Q: 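Here it is: the structure, laid out below.
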Amino acid sequence: MSKITLEKEKCIGCGTCIAVCPEHFEMGEDGFARVKNSEAEEVGCSVNAAQSCPVQCIHVKSE
């Protein structure tokens, strides 16, 4: 099991994570990204989203 977190206060709402990994990220009504499900069996594209984030506010940790 892995945990996906997003530091909301650092997010600039660019949408890169959503473009790279729509399975785990979506745009909130506030115009900033949010994690759809913080715990995942397969991290898949969320690692790519974390690496692509211009402000590095996404973290993926395996438990």
Side-chain angles (χ1 to χ4, degrees):
M1 187 70 73
S2 296
K3 185 157 179 105
I4 304 165
T5 57
L6 185 144
E7 295 178 74
K8 201 119 174 117
E9 64 279 355
K10 288 185 180 180
C11 180
I12 60 172
C14 71
T16 301
C17 58
I18 298 157
V20 172
C21 190
E23 298 89 45
H24 292 287
F25 299 94
E26 63 187 359
M27 191 62 73
E29 290 182 14
D30 59 0
F32 297 101
R34 64 180 177 201
V35 180
K36 288 183 179 180
N37 185 2
S38 63
E39 293 185 358
E41 292 286 329
E42 296 283 330
V43 293
C45 58
S46 62
V47 172
N48 292 337
Q51 292 171 343
S52 300
C53 178
V55 293
Q56 300 296 293
C57 68
I58 299 169
H59 308 283
V60 181
K61 295 186 182 190
S62 296
E63 297 180 349

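This one's a predicted model, so the numbers in the text were calculated from it and none came from an experiment.
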Q: Compare all side-chain heavy atoms of His59 with those of Lys3 and state whether any distance is below 4.5 angstrom.
A: no
Q: Locate the shortest heavy-atom distance separating Val60 from Ala50; write the atom from each residue and the value.
A: CG2-CB, 4.4 Å
Q: Which atom names give the shortest non-hydrogen contact between Glu23 and Lys36, and what distance separates them?
A: O-CD, 3.6 Å
Q: If you look at every heavy atom in Ile18 and Glu26, which pair is closest and at what distance?
A: CD1-C, 3.5 Å
Q: Can you get from Ile12 to Val35 by hopping between Ile, Leu, Val, Met, Phe, Trp and Tyr side chains that sit under 4.5 Å apart?
A: no
Q: Could you tell me whether the SG atom of Cys53 lies less than 2.5 angstrom from the SG atom of Cys17?
A: no
Q: Quick one: CD on Gln51 to OG1 on Thr16, what's the gap to the nearest 0.5 Å?
A: 13.0 Å
Q: Treating Ile, Leu, Val, Met, Phe, Trp and Tyr as nodes and any side-chain heavy-atom pair under 4.5 angstrom as an edge, say whether Ile58 and Val55 lie in one connected cluster.
A: no
Q: Atom NE2 of His24 and atom CD of Glu42: how far apart are they, to the nearest 0.5 Å?
A: 8.5 Å
Q: About how many Å separate CZ of Arg34 and CZ of Phe25, when rounded to the nearest 0.5 Å?
A: 13.0 Å
Q: Do Phe32 and Leu6 come close enough that some side-chain heavy atom pair is under 4.5 Å?
A: no
Q: Once rounded to the nearest 0.5 Å, what's the spacing between atom CD of Glu39 and atom OG of Ser2?
A: 9.5 Å
Q: Testing the basics here: between Cys57 and Lys10, what is the closest heavy-atom pair and its distance to 0.1 Å?
A: CB-CB, 3.7 Å
